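I have placed the structure first, in the form of structure tokens, so that the comments after it can refer back to it.
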Amino acid sequence: MNKLAHSVGFSQTSYFTKIFKQKVGMTPSKYRKYNSAIKKIYTIPRNLEWRSNKSVYEISKDFFNKNEISFKARDLNGYPYIYSINDLSDVRNKAGWVYTVDCSQPIIPASEINVFDRSVIQWIYTEKII
């Protein structure tokens, strides 16, 4: 924890822990335990190429293609659904991909969310669905 606190500019680990808890709602150690099932994260930060009329799905697809990251999608209830990224695939009731937009997990398909005022997209592979 000390190394992490110093790497982000805090001289005291206790102060880092206090600020982290205020912002996240839990201590860094609880956060680590809570997120221990996460095995891989792809972060897509906003860049100047994002057009406001593109969806989270389209931006994600463009990012994976540009970075030569293999992914697979299929139709699910009429919407494209990414179920495999770089050979990590959904495993029914055990593991899978979820996505977040600006640190929130939407309940609607990625193809239905516009990136107009969004900052970051993350694809998270977790061993338990969160």
Side-chain angles (χ1 to χ4, degrees):
M1 195 61 58
N2 192 31
K3 186 177 178 181
L4 174 63
H6 284 87
S7 71
V8 294
F10 288 85
S11 58
Q12 295 180 329
T13 304
S14 60
Y15 186 63
F16 168 75
T17 301
K18 178 181 176 180
I19 298 302
F20 188 95
K21 187 173 181 181
Q22 285 177 351
K23 297 291 181 185
V24 179
M26 63 182 82
T27 65
S29 57
K30 271 191 174 181
Y31 181 85
R32 183 181 333 145
K33 185 177 179 181
Y34 179 77
N35 291 294
S36 65
I38 294 175
K39 300 303 172 196
K40 182 70 178 171
I41 299 176
Y42 289 99
T43 300
I44 308 169
R46 184 176 190 89
N47 67 37
L48 297 175
E49 296 172 11
W50 286 21
R51 292 194 329 265
S52 62
N53 63 338
K54 282 196 154 189
S55 70
V56 168
Y57 174 74
E58 292 169 314
I59 294 294
S60 299
K61 192 170 80 167
D62 291 347
F63 173 83
F64 295 142
N65 286 330
K66 182 178 180 181
N67 291 285
E68 298 180 358
I69 299 168
S70 64
F71 71 97
K72 296 177 185 172
R74 64 176 167 243
D75 187 66
L76 183 65
N77 297 326
Y79 300 100
Y81 168 71
I82 295 175
Y83 68 91
S84 179
I85 304 171
N86 259 0
D87 297 326
L88 285 174
S89 296
D90 289 358
V91 179
R92 187 178 177 117
N93 298 323
K94 292 186 181 181
W97 286 100
V98 295
Y99 73 95
T100 65
V101 179
D102 293 343
C103 300
S104 294
Q105 187 179 356
I107 58 172
I108 60 177
S111 60
E112 297 299 301
I113 299 173
N114 194 301
V115 296
F116 171 69
D117 59 351
R118 311 302 178 162
S119 298
V120 67
I121 300 165
Q122 288 189 309
W123 287 90
I124 302 166
Y125 188 79
T126 179
E127 288 187 342
K128 59 181 179 180
I129 304 301
I130 54 177

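Since this is a predicted model, take the numbers as computed values, not measurements. The residues of the chain are indexed from 1 along the displayed sequence. Computed over heavy atoms, backbone and side chain alike; hydrogens, waters and symmetry mates excluded.
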Checklist entry - Within the side chain of E58, is there an N or O that forms a donor-acceptor pair under 3.5 Å with the backbone of S55? => result yes
Next on the checklist: With a 6.0 Å cut-off (strictly less than), is the heavy-atom count around CG of D87, excluding the residue itself, greater than 12?
Outcome noted: no
Next on the checklist: For a quick test of reading the model, state the closest non-hydrogen atom pair linking W123 to S60 and the distance between them.
Outcome noted: NE1-OG, 2.8 Å
Item to check | Any side-chain heavy-atom pair of I44 and Y99 under 4.5 Å | outcome: no
Next on the checklist: One pair to check against side-chain contact (heavy atoms from CB on, under 4.5 Å): Y42 and F64. What are the steps and the verdict?
Outcome noted: CA-CA 9 Å; Y42 289 99; F64 295 142; 4.2 Å; yes
Checklist entry - How many angstroms lie between CD1 in I113 and OG in S104, if you round to the nearest 0.5 Å? => result 10.0 Å
Next on the checklist: Membership question, hydrophobic clusters at under 4.5 Å side-chain separation (ILVMFWY): are L76 and I108 in the same one?
Outcome noted: no
Checklist entry - Would M1 and R32 count as a side-chain contact (heavy atoms from CB on, under 4.5 Å) if you check the C-alpha gap in whole Å, the side-chain angles of each, and the deciding distance to 0.1 Å? => result CA-CA 11 Å; M1 195 61 58; R32 183 181 333 145; 3.2 Å; yes
Item to check | Y125 side-chain N/O to L88 backbone N/O, donor-acceptor pair under 3.5 Å | outcome: no
Item to check | N/O donor-acceptor pair under 3.5 Å between R118 side chain and D102 backbone | outcome: no
Checklist entry - Are the side chain of W97 and the backbone of Y81 linked by a donor-acceptor contact shorter than 3.5 Å? => result no
Next on the checklist: If hydrophobic clusters are built from ILVMFWY residues whose side chains come within less than 4.5 Å, do V120 and V101 share one?
Outcome noted: no
Item to check | Partner residues of S119 under the side chain to side chain donor-acceptor pair (under 3.5 Å) criterion, sequence neighbours left out | outcome: none
Checklist entry - Any side-chain heavy atom of I85 within less than 4.5 Å of one from K40? => result no
Next on the checklist: Tell me if the NZ atom of K39 is crowded by more than 12 foreign heavy atoms within 6.0 Å.
Outcome noted: yes
Item to check | Side chain proximity check, L4 to P28, heavy atoms < 4.5 angstrom | outcome: no
Next on the checklist: Looking at every heavy atom in both P80 and Y57, which two are closest together, and how far apart are they?
Outcome noted: CB-CZ, 3.5 Å
Item to check | Over 12 foreign heavy atoms within 6.0 Å of CZ, R51 | outcome: no
Next on the checklist: Hydrophobic cluster membership, with links at side-chain heavy-atom distances under 4.5 Å among I/L/V/M/F/W/Y: are I41 and V98 in one?
Outcome noted: yes
Item to check | Validation row: F20, V8 side chains within 4.5 angstrom (heavy atoms) | outcome: no
Checklist entry - Do you reckon I124 sits in the same ILVMFWY cluster as Y83, going by side-chain contacts under 4.5 Å, direct or chained? => result no
Next on the checklist: Are Y79 and I82 connected into the same hydrophobic cluster when the rule is that any two of I, L, V, M, F, W, Y join if their side-chain heavy atoms are below 4.5 Å apart?
Outcome noted: no
Side-chain donor/acceptor pairs under 3.5 Å, residues 65-74, sequence neighbours excluded:
unit_1: N65; atom_1: ND2; unit_2: K61; atom_2: O; d: 3.3
unit_1: N67; atom_1: ND2; unit_2: F63; atom_2: O; d: 2.9
unit_1: S70; atom_1: OG; unit_2: N86; atom_2: OD1; d: 3.3

Item to check | Heavy atoms from other residues, nucleotides or ligands near CD of Q12 exceed 12 (cutoff 6.0 Å) | outcome: no
